[in-house]
There are 2 protein chains.
Amino acid sequence: MLKNLEELRKSRDWSLQDIADKLGIAKSTYAGYESGYRRPPLHALIQIANLFDVSIDYLLAREHTIDITDRLLQGKQKISIDHMVLDQEECDEFVAFIRAKRDIKKKLR
Amino acid sequence: MLKNLEELRKSRDWSLQDIADKLGIAKSTYAGYESGYRRPPLHALIQIANLFDVSIDYLLAREHTIDITDRLLQGKQKISIDHMVLDQEECDEFVAFIRAKRDIKKKLR
DNA sequence: AAAATTGTGCTCAATACGCGAACGATTATT
DNA sequence: AATAATCGTTCGCGTATTGAGCACAATTTT
């Protein structure tokens with residue numbers, strides 16, 4: 001369920017003790033998360049995500065479709081291209097383009 | 001922490017009993033999530049996210065930016081417009097489109 | 001060789017959880 | 001209008017799950 005935790009920690013060159021100190025928990029507790037022996041409760045998971053600066057969905061290896069037409073209206077969830085955040089205006093034209101394209105395809109049938 | 005849960009449920013016109021049945025839990029349990037009286041454990045949160053078809057980060061109203069460029073070009077990240085998934089060619093076009101648009105904007109300055 | 005660090009596994013106390021039940025407030029049915 | 005049904009809220013209690021400490025072997029450092 002949390003398959004990347006150990007790799008993520010080692011990529012930072014942190015020991016279990018290091019990360020436990022950062023989170024303010026016992027190293028055995030964090031070891032339990034990594035091994036899958038225990039599942040972190042929500043508040044712990046959030047702190048872990050903050051520490052590594054990744055999304056919760058990434059930690060959970062969750063895949064989901066991002067709908068551009070819904071998404072940008074939702075405020076706090078942002079996506080970026082080439083490390084530059086996508087704004088509404090940038091998307092609108094492309095959305096119009098795809099819609100037109102689909103429309104044509106539909107009429108050709 | 002999960003401030004959107006009630007709104008999300010009502011947007012679907014579901015009662016507490018409805019959603020409890022869908023999730024296979026007691027309505028008082030789900031009511032606890034909505035009110036903030038209890039926090040859903042991870043496995044419950046995942047099921048809720050699946051039910052509403054949203055990301056965990058959205059449920060948690062977490063501010064986070066994810067860069068999808070690489071994943072998009074590699075076909076690992078799906079995006080949709082009007083709830084219709086884009087194919088690989090369209091995904092490539094999307095990235096190219098955004099890049100081109102930014103390029104133009106840059107030159108105009 | 002000794003001492004410190006690392007990761008693992010275990011037990012136990014404390015916490016957090018899920019459920020059922022009861023409640024008042026609306027809404028629907030007869 | 002009276003009754004029944006549905007809705008959301010809250011509580012207590014039994015249970016499940018967690019967190020921390022401790023001990024251990026393996027590795028590294030001094």
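Keep in mind that the numbers below use all heavy atoms, side chains included, and drop hydrogens, waters and symmetry copies. Numbers restart at 1 for each chain; the letters A, B, ... are given by sequence-line order, proteins then strands.
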- Query: Which is true for Y33(B) with a 4.0 Å heavy-atom rule: it touches a base, it touches only sugar-phosphate, or it touches nothing?
  - Reply: sugar-phosphate
- Query: For atom CG of D103(B), is the number of surrounding heavy atoms from other residues, nucleotides or ligands below 6.0 Å larger than 12?
  - Reply: yes
- Query: Which pair of heavy atoms, one from R9(A) and one from W14(A), lies closest together, and at what distance?
  - Reply: NH1-O, 2.9 Å
- Message: Hydrogens and angles aside, do D70(B) and Q74(B) bring a side-chain donor and acceptor to less than 3.5 Å of each other?
- Response: no
- Looking only at atom types and distance, does a side-chain atom of E7(A) sit under 3.5 Å from a main-chain N or O of N4(A), one as donor and one as acceptor? no
Between the protein and nucleotides 20-24 of chain C, which nitrogen or oxygen pairs come in under 3.5 angstrom?
residue: dG20(C); atom: N7; partner: S28(B); partner atom: OG; Å: 3.4
residue: dG20(C); atom: O6; partner: S28(B); partner atom: OG; Å: 3.1

- Task: Would you grab the first and last nucleotide of DNA chain D (5' to 3') that comes under 4.0 Å of any non-hydrogen atom in chain B?
- Result: dC7(D) to dT10(D)
- Note on the structure: In terms of heavy-atom contacts, K105(B) and E89(A) come closest through NZ-OE1, 4.2 Å
- Task: Could you check how far CD of E34(A) sits from P of dT8(C), rounded to whole Å?
- Result: 7 Å
- CG of L16(B) versus C1' of dA25(C): gap in Å, rounded? 15 Å
- Message: Using OP1 and OP2 only, check whether a side-chain N or O of R9(A) sits under 4.0 Å from dG7(C).
- Response: yes
- Message: Would the distance check show the side chain of D82(B) and the main-chain N or O of M84(B) forming a donor-acceptor pair, the cut-off being under 3.5 Å?
- Response: no
- What's the shortest heavy-atom distance between L72(B) and Q88(B), and which atoms? O-NE2, 3.4 Å
- Given that D18(B) and S35(B) both sit by DNA chain D, which one's nearest nucleotide is further toward the 5' end? D18(B)
- Measure the shortest side-chain to side-chain distance between I81(A) and F94(B) over non-hydrogen atoms and say whether it is less than 4.5 angstrom. yes
- Going by atom types alone, do S55(A) and D57(A) pair a side-chain donor with an acceptor below 3.5 Å? no
- Axis deviation across the helix from dA1(C)-dT30(D) to dT30(C)-dA1(D), five-pair ends, to the nearest 10°: 30°
- Message: Using every non-hydrogen atom in the two residues, find where F97(A) and E93(B) come nearest and quote the distance to one decimal.
- Response: CE2-OE1, 4.0 Å
- Interatomic distance, R38(A) CZ vs dT8(C) C1' [rounded to whole Å]: 13 Å
- Task: Grab the two heavy atoms, one from K27(B) and one from L16(B), that are nearest each other, plus how far apart they are.
- Result: CB-O, 4.0 Å
